[in-house]
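Here the structure comes first, spelled out in structure tokens, and everything after it is commentary.
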Amino acid sequence: MKKVVAAIIKDKDQILIAQRHSKDPLAGKWEFPGGKLEPGETPEECLVREIREELKLDVEIVAFYDDSVCGSKDQAIHLLFYWAEVVNGEVTPVVHDDVKWINIKELARFDFAPADIPIVKRLEREYI
């Protein structure tokens, strides 16, 4: 099973979501940004690296939030979600078509990737 990490980046009362690139298999879907763990890397180290590479942001990982498993038995993905805060930088999308700072109440307006949907639903239950 492939491990992937994602950040719920919070700034005041907003969170950052990113739209997958038009050439991506999940083109147009929204997600919490992140990426695949490299060998020997902790989930937190991976997230710091991925967010720097994908969004040109330096983040601090605050806490583990939740996880979800998505996909078929052969291609299952274990996705780990962490709360994060911006330490430095301005959001500059490198691999996404768009990024948005939104209020949690706005999550339902966006078409999220399947692996992110359980987390979106939990956020809506807990914060709306």
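Just so you know, these numbers come straight off a predicted model, no measurement behind them. No hydrogens, no waters, no symmetry mates; every other heavy atom, side chains included, goes into these values.
- Ion pairing between Asp66 and Arg122 holds under the 4.0 Å rule for side-chain N and carboxylate O.
- The two residues Ala27 and Ser22 come nearest to each other via the heavy atoms CB-O, 3.4 Å.
- More than 12 heavy atoms of other shown residues, nucleotides or ligands fall within 6.0 angstrom of atom CD in Glu126.
- Scanning both residues, Gly34 and Glu50, for their nearest heavy atoms gives O-OE1, 3.6 Å.
- Side chain of Asp116 to backbone of Phe32: a donor-acceptor contact under 3.5 angstrom is found.
- Looking at Gln14, its side chain never comes within 3.5 Å of a backbone N or O of Asp11 through a donor-acceptor pair.
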side-chain contact (heavy atoms from CB on, under 4.5 Å), that's the test. Do Leu123 and Val120 meet it? Break it down for me.
CA-CA 5 Å; Leu123 287 167; Val120 167; 5.6 Å; no
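- Note that CG of Leu79 is 8.5 Å distant from CG of Asp67, once rounded to the nearest 0.5 Å.
- The cluster map of Ile, Leu, Val, Met, Phe, Trp and Tyr, joined by side-chain heavy atoms under 4.5 Å apart, puts Val95 and Phe110 in different clusters.
- Hydrophobic clustering keeps Ile117 apart from Leu26 (ILVMFWY residues linked when any side-chain heavy atoms are closer than 4.5 Å, directly or through intermediates).
- Judged purely by atom type and a 3.5 angstrom limit, Glu85 has no side-chain atom pairing as donor or acceptor with the backbone of Lys10.
- The aromatic ring centres of Trp30 and Phe112 sit 6.0 Å or more apart.
- Checked for salt-bridge contact, Arg49 and Glu53 meet the test: a charged N lies under 4.0 Å from a carboxylate O.
- Salt bridge status for Lys56 with Glu90: absent, with no side-chain N to carboxylate O gap under 4.0 Å.
- Under the 4.5 Å side-chain criterion, counting only non-hydrogen atoms from C-beta, His21 is not in contact with His96.
- Chaining together hydrophobic side chains whose heavy atoms lie under 4.5 Å apart places Leu80 alongside Val5, Ile9, Leu16, Leu37, Leu47, Val48, Ile51, Leu55, Leu57, Val59, Ile61, Phe64, Tyr82, Val86, Val91, Val99, Trp101.
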Please determine whether salt bridge (Lys or Arg N to Asp or Glu O under 4.0 Å) holds for the pair Asp97 and Arg20, giving the CA-CA distance in whole Å, both sets of side-chain angles, and the decisive distance to 0.1 Å.
CA-CA 6 Å; Asp97 280 351; Arg20 295 186 71 118; over 6 Å; no
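- Between Lys100 and Asp98 there is a side-chain heavy-atom pair separated by less than 4.5 Å.
- Separation of atoms CD1 (Ile77) and NZ (Lys2) is listed at 5.5 Å; rounding is to 0.5 Å.
- Listed by chain and number, the hydrophobic cluster partners of Val69 are Met1, where partners are ILVMFWY side chains within reach of under 4.5 Å, directly or through others.
- Atoms CD1 and CD, on Ile104 and Glu124 in that order, are 9.0 Å from each other to the nearest 0.5 Å.
- We find the CD1-OH distance between Ile15 and Tyr127 to be 10.0 Å, quoted to the nearest 0.5 Å.
- Using a 4.0 Å cut-off between charged nitrogen and carboxylate oxygen, Glu106 and Arg109 count as a salt-bridge pair.
- Between Cys46 and Gly35, the shortest heavy-atom contact is SG-O, 3.9 Å.
- Side chain of Ser68 to main chain of Ala115: a donor-acceptor pair is present (N/O by atom type, distance under 3.5 Å, no hydrogens or angles).
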